[in-house]
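A quick write-up on the structure given underneath.
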Amino acid sequence: MPAPLANIHGQMMPLEDVKVSVLDRSFLFGDAVYEVMRVFGGKPWLEQEHFDRLRGSLAAIRIEGVDLDRLRRRMHETIAAGKFGECTVYMHVSRGAAPRKHAFLKQSLTPLELLWVQEYDDGPTALARQHGSSVITYPDLRWHRCDIKSTNLLANVLANEAAAEADCSEALLYLPDGTMSEASHSSFFTIVGGVLHTTPLKANILPGITRNFVIRLAQKADIPLREQAIAKEDLFRADEIILTGTTSEVLPVVRVDGQKVGSGEPGPVARRLQEMHDQAVREFLSRH
Ligand code: PLP
C-alpha cells in the first residue's frame with residue numbers, strides 16, 4: 001500500500017514528514033476548514049462541488065488569499081505523483097500561525113494550505129452498504145454554524161465514539177426540540193411510504209455533497225422528496241433510513257437504538273439509489 005502523500009504550500013512530502021507550527025490556529029482554536037474528497041480510479045468525484053463548498057467555508061470564516069485553483073492543481077499533481085487510484089484527499093486550510101490571541105484581523109497571517117492523498121480500502125464500507133448498518137441516537141451538542149465545514153469536530157467525535165462503543169457505525173443527532181439534524185459525519189434520509197425525507201439545510205446542518213447528489217438521483221427516479229423537520233420518534237416509524245457521505249455513499253441503516261428499521265434489511269429505495277450512484281460513478285469514469 002503506498003504511503004500517504006502530502007502537499008503543503010506546493011511542496012510534496014510523505015505525510016509523516018509534514019511539520020506544522022504549534023501556533024497554527026487550527027491547533028489552538030480549530031480556526032480552519034476542510035474537505036474530504038473520494039477519488040475513483042485517480043479521478044476526484046464531485047470535485048467542483050467540494051471546491052465550491054470550500055470556497056463558501058473560507059468566506060464564512062473570513063480566511064482570505066487562498067488560491068483555490070492553485071490548491072486544485074496541487075491536488076491533481078499529488079494524486080498523479082503518488083500514482084493513486086482508489087483514494088481519498090483530505091484538504092485543510094487554517095487561518096495560519098501567530099502568537100496566541102483570539103482576534104485575527106490585526107495580525108498578519110498566511111493561511112496554512114495542506115492536503116494529503118491516501119489509498120482508500122472501500123471493503124468494510126462496501127460490506128456495510130450491502131448488509132446495512134446500525135446507528136444510535138445522540139444529542140447534537142454542536143454550535144450554530146454547522147453549515148461551515150470547520151475542523152471543530154469535538155461534538156461529532158464524542159457522538160461517533162458513543163456509536164462505536166455501542167458497536168454502531170454512526171450517531172443520528174437530535175436537537176433540544178426533539179427534531180433530528182444529521183449524523184456525526186453523514187447526512188441522513190428516512191423513507192416513509194415511498195417518500196424520501198431529509199432535514200432542510202436551514203436547520204444547522206452541513207450541506208452534504210452526497211446529500212445533494214442523492215436528491216438529484218431521487219429526482220431522476222421520480223422518488224418524491226420532502227425537506228422538512230424529522231422528529232426523533234419518526235425514525236422508529238420509517239420504512240427505511242439511509243446515511244449519505246463521501247465515503248459512505250448510500251448506506252442503509254437497519255437498526256436505530258437496537259430497534260429494527262422496517263424489515264431490518266436494506267430496503268428497495270436504498271437499493272435503487274445505490275444502483276444509481278454506482279451507475280453515475282461508472283459513467284463519470286467512462287467520460288474522464
Ligand atoms: N454531515 C457531517 C457533519 C459531515 O461531517 C459530513 C461529512 O464529513 C457529512 C454530513 C456528509 O457530507 P459529504 O456528503 O459532503 O461527505
Side-chain angles (χ1 to χ4, degrees), residues 26 30 32-40 44-58 60 75 87-93 115-116 118 120 122 125 128-129 133 135-164 169-175 179-190 196-218 227 230 241-253 270 273-274 276-278 280-281 284:
S26 43
V33 294
Y34 77 107
E35 279 297 325
V36 179
M37 225 176 284
R38 176 74 163 92
V39 178
F40 294 104
W45 171 240
L46 302 175
E47 178 180 342
Q48 187 62 47
E49 288 84 342
H50 283 279
F51 276 92
D52 287 346
R53 186 169 65 185
L54 182 58
R55 188 181 304 283
S57 297
L58 288 167
M75 176 185 84
C87 60
T88 55
V89 177
Y90 176 82
M91 263 182 296
H92 180 119
V93 180
L115 66 91
W116 69 80
Q118 71 184 72
Y120 178 67
D122 188 50
T125 315
R129 261 182 238 122
S133 75
V135 303
I136 59 164
T137 57
Y138 195 82
D140 190 341
L141 306 174
R142 302 174 305 163
W143 70 328
H144 300 291
R145 288 304 306 273
C146 296
D147 56 316
I148 301 170
K149 198 163 170 63
S150 99
T151 58
N152 288 277
L153 292 171
L154 184 55
N156 308 58
V157 163
L158 294 177
N160 200 263
E161 174 61 24
S169 69
E170 252 296 18
L172 304 184
L173 306 175
Y174 55 86
L175 297 163
T179 63
M180 306 303 299
S181 54
E182 56 184 331
S184 75
H185 58 81
S186 328
S187 316
F188 83 94
F189 294 79
T190 61
L196 206 50
H197 295 249
T198 198
T199 310
L201 288 183
K202 64 180 191 308
N204 198 30
I205 62 165
L206 184 78
I209 305 289
T210 321
R211 172 191 185 278
N212 193 41
F213 189 70
V214 163
I215 288 175
R216 291 199 329 249
L217 293 179
E227 281 181 271
I230 297 172
I241 297 178
I242 55 172
L243 297 168
T244 66
T246 289
T247 52
S248 307
E249 301 172 9
V250 178
L251 181 52
V253 171
L273 292 170
Q274 284 179 324
M276 292 180 81
H277 184 281
D278 292 351
V281 172
F284 163 74

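Atoms within a ligand are numbered from 1 in the order they appear, just like the ligands themselves.
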Exercise for review: Check R142 against ligand 1 and report side chain, backbone, both or neither, counting heavy atoms closer than 4.0 Å.
Suggested key: side chain

Practice item. Give a yes/no on ligand 1: does N156 have at least one heavy atom closer than 4.0 angstrom to it? Key: yes

Review point. If you measure from each non-hydrogen atom of S184 to ligand 1, which part falls under 4.0 Å: side chain, backbone, both or neither?
Key: backbone

Review point. Could an N or O of ligand 1 be found under 3.5 Å from any N or O of E182, whether backbone or side chain?
Key: yes

Check your understanding: Does A183 come within less than 4.0 angstrom of ligand 1, counting non-hydrogen atoms of the residue?
Key -> yes

Practice item. Distance to 0.1 Å, residue and atom name: give those for the protein heavy atom nearest to atom 12 (O) of ligand 1. Key: G208 CA, 3.6 Å

Review point. Among side-chain atoms of D278 and Q274, is any donor-acceptor pair under 3.5 angstrom?
Key: no

Check your understanding: Of the backbone atoms (N, CA, C, O) and the side-chain heavy atoms from C-beta on, which set of I209 has a member under 4.0 Å from an atom of ligand 1: side chain, backbone, both, or neither?
Key -> both

Check your understanding: For atom 16 (O) of ligand 1, which protein heavy atom lies nearest, and how many Å away is it?
Key -> T246 OG1, 2.6 Å

Review point. Can T210 and T244 be counted as having a side-chain donor-acceptor contact under 3.5 angstrom?
Key: no

Review point. Does Y138 have its ring centroid less than 6.0 Å away from the ring centroid of Y174?
Key: no

**Study point:** Side chains of I205 and F188 in contact at under 4.5 Å (non-hydrogen atoms)
**Key:** no

Practice item. Would you mind checking which non-hydrogen protein atom is closest to atom 8 (O) of ligand 1, with the distance to 0.1 Å? Key: K149 NZ, 2.9 Å

Practice item. Take D147 and K202, measure what salt bridge (Lys or Arg N to Asp or Glu O under 4.0 Å) needs, and give me the verdict at the end. Key: CA-CA 9 Å; D147 56 316; K202 64 180 191 308; over 6 Å; no

Check your understanding: Does R211, backbone or side chain, put an N or O under 3.5 Å from an N or O of ligand 1?
Key -> no

Review point. For T210, is at least one N or O under 3.5 Å away from an N or O on ligand 1?
Key: yes

Practice item. May I ask you to decide whether E35 forms a salt bridge with K149, counting only side-chain N to carboxylate O separations under 4.0 Å? Key: no

**Study point:** Pair S184-N160, side-chain donor/acceptor within less than 3.5 Å
**Key:** yes

**Study point:** Pair T198-E227, side-chain donor/acceptor within less than 3.5 Å
**Key:** no

Review point. When you look at CZ of R216, are more than 12 heavy atoms from neighbouring residues, nucleotides or ligands closer to it than 6.0 Å?
Key: yes

Review point. Of the protein's non-hydrogen atoms, which lies at the shortest distance from atom 5 (O) of ligand 1, and what is that distance?
Key: H185 CA, 3.5 Å

Check your understanding: Considering only protein heavy atoms, which is closest to atom 10 (C) of ligand 1, and at what distance to one decimal place?
Key -> S186 C, 3.3 Å

